[in-house]
There are 2 protein chains.
Amino acid sequence: MADVNFNRLHSERAGDLLASDGNGKKTGPDADHSSPPYDLIELLFFAYRDFTSDPDDVLAQFDFGRAHHRVLHFVDRNPGIMVTDLLSVLRITKQSLGRVLKQLVDEDFIEQKPGENDRRQRRLKTTEKGHSLAMRLASLQAGRLNQAMKNMSEDEKAVTRKFLFHMINPDSRVEVAKLLRSDDPALKADPDGTQLFNDQETR
Amino acid sequence: MADVNFNRLHSERAGDLLASDGNGKKTGPDADHSSPPYDLIELLFFAYRDFTSDPDDVLAQFDFGRAHHRVLHFVDRNPGIMVTDLLSVLRITKQSLGRVLKQLVDEDFIEQKPGENDRRQRRLKTTEKGHSLAMRLASLQAGRLNQAMKNMSEDEKAVTRKFLFHMINPDSRVEVAKLLRSDDPALKADPDGTQLFNDQETR
DNA sequence: AATTTACGTCAGCCATATTGACTTATTTTC
DNA sequence: GAAAATAAGTCAATATGGCTGACGTAAATT
């Protein structure tokens, strides 16, 4: 709140990184003396902050947090997923997952049944109640994304997807690409997202 | 670790949201029956996860967390910023900020002096040590961003910036635009980022 | 039969956020 | 000049969501 005064907050530190045009482009002949793209760094911070805030508000009404959202989302998107897969996608520990998953199961948002071939597995899927909440949360995020892209051409949307994909660690891209195309038959023939994302690097 | 098996995890819930081409495009004549753009939702999640992971590793060596990073970043970028401004940018409480800011001041990453006109204010700026760490962290994020954009034209980069800007709550865009252009004289004449981001909506 | 895997659990720790109430300077307003 | 508003600090309590390490069990694989 309160009108914030950001005027007169100018950097007193020019010359930190040699000459730059202020946009991160090189001005010298060869070496990369550019300053960091602060605009993008900060845009990503603010964009993600707001991207998560809508769902957070809804989740709070259920006494859930962002952790529940992530679990609910990936279970809803990948019915039959097992605990090990969730751990690797979310990159958290079994204990951390266990707590939120238990709540989601206890409160009937997620149900589980043993794997048919391997009875050690817990195959997870959302209940109707869970699916409904997942859709509500996804719709909020969808609304924001659609609004942000409403004036974009298909090509421009593809550029955005490509950008986000390339922000992911190269090591993880194959796994992510698999997740993304998991219900899109048209992408089956593109195992590592190479075509999808016009990937021509890091190989 | 362990090879994860995402095959055979196909949605068993077709027909939830009427017909869709699987890409979030409308297939009907007018109403928006499209399903959420799950690919973008998940790409944003993974992109941000990895975007923050590099700095996290460095911060851990100093016994700092992501909260310290945010404070350090915005102080470094806005020398002379005061506590109230930080609170509004970071959207956290005074108590939360107080703790991490105290550590950063105690360990000589940030210094403070009273405002010249208003002696209640603490004008914050990074020390050499603090600036050095801030630059190190920014370079990590810059490296990832530059790599993600290395094959992009200037137009495509502009599209990406525009996308991120439009993901921000309309209410916050003016404030963010002010922050972004804070040391870029070329943008001074564009108070709410309208030109910069080719903004033609929400007015 | 031995090993590995999938999962669960106990116990404790830490970082980061929250709310509400209260204090102290200092500046602004009437 | 008195009253009100502002900038900042502080105390106390609480919640969330991560973490580590150790251990246990059932089922599958070698």
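Every chain is numbered from 1, with letters handed out A, B, ... down the list of sequences. What you see below is based on every heavy atom in this structure, not just the backbone, and it leaves out hydrogens, waters and symmetry mates.
A salt bridge links A:Asp50 and B:Arg91; the closest N-O separation between the charged side-chain nitrogens and carboxylate oxygens is under 4.0 Å. Checked for salt-bridge contact, A:Asp39 and B:Lys157 miss the test: no charged N lies under 4.0 Å from a carboxylate O.
Residue A:Lys94 places its side chain closer to C:dC7 than to any other of D:dG17, D:dA8, C:dC7. Picking from C:dT27, C:dA6, C:dA17 the nucleotide with the shortest atom distance to the side chain of A:Arg120 gives C:dA6. When the nucleotides C:dA6, C:dA17, D:dA7 are ranked by their closest atom to the side chain of B:Ala67, C:dA17 comes out on top. Listed nucleotides: C:dT16, C:dC7, D:dA7. Nearest to the side chain of B:Val100: C:dT16.
OP1 or OP2 of C:dT16 has at least one side-chain nitrogen or oxygen of B:His68 nearer than 4.0 Å. For B:Thr84, a side-chain nitrogen or oxygen approaches OP1 or OP2 of D:dA8 to under 4.0 Å. Residue B:Thr93 places no side-chain N or O under 4.0 Å from the OP1 or OP2 atom of C:dA17.
With no hydrogens or angles considered, a side-chain donor-acceptor pair links B:Asp76 and B:Thr126 at under 3.5 Å.
Counting any heavy atom pair closer than 4.0 Å across all strands shown, B:Arg66 reaches sugar-phosphate atoms only and no base atom. Nucleic acid contact class of A:Gly65 (heavy atoms, under 4.0 Å, all strands): sugar-phosphate only.
Donor-acceptor pairing under 3.5 Å, judged by distance alone, is present between the side chain of B:Gln95 and the base of D:dT10. Counting atom types as modelled, B:Arg119 pairs no side-chain N or O with a base atom of C:dT26 as donor and acceptor under 3.5 Å.
Here the CD-CG distance, from B:Glu42 to A:Leu179, works out to 6.0 Å after rounding to the nearest 0.5 Å. Annotation: the span from B:Asn117 atom CG to B:Gln121 atom CD amounts to 8.0 Å, rounded to 0.5 Å.
One atom, CD1 of B:Ile92, and another, P of C:dA15, lie 16 Å apart when rounded to the nearest Å. Residue A:Met82 contributes atom CE, which lies 9 Å from atom C1' of C:dT5 at whole-angstrom precision. If you measure from atom CG of A:Asp57 to atom P of C:dA17, you get 17 Å, rounded to the nearest angstrom. Going from atom CG of A:Leu90 over to atom C1' of D:dC19 covers 15 Å, rounded to whole Å.
The residue among A:Leu97 and A:Asp118 whose nearest nucleotide of DNA chain D lies closer to the 5′ end is A:Leu97. If you find the closest nucleotide of DNA chain C to A:Arg99 and to A:Gln121, the one lying nearer the 5' end belongs to A:Gln121. If A:Leu101 and B:Phe64 are placed on DNA chain C by their nearest nucleotide, the residue sitting closer to the 5' end is A:Leu101.
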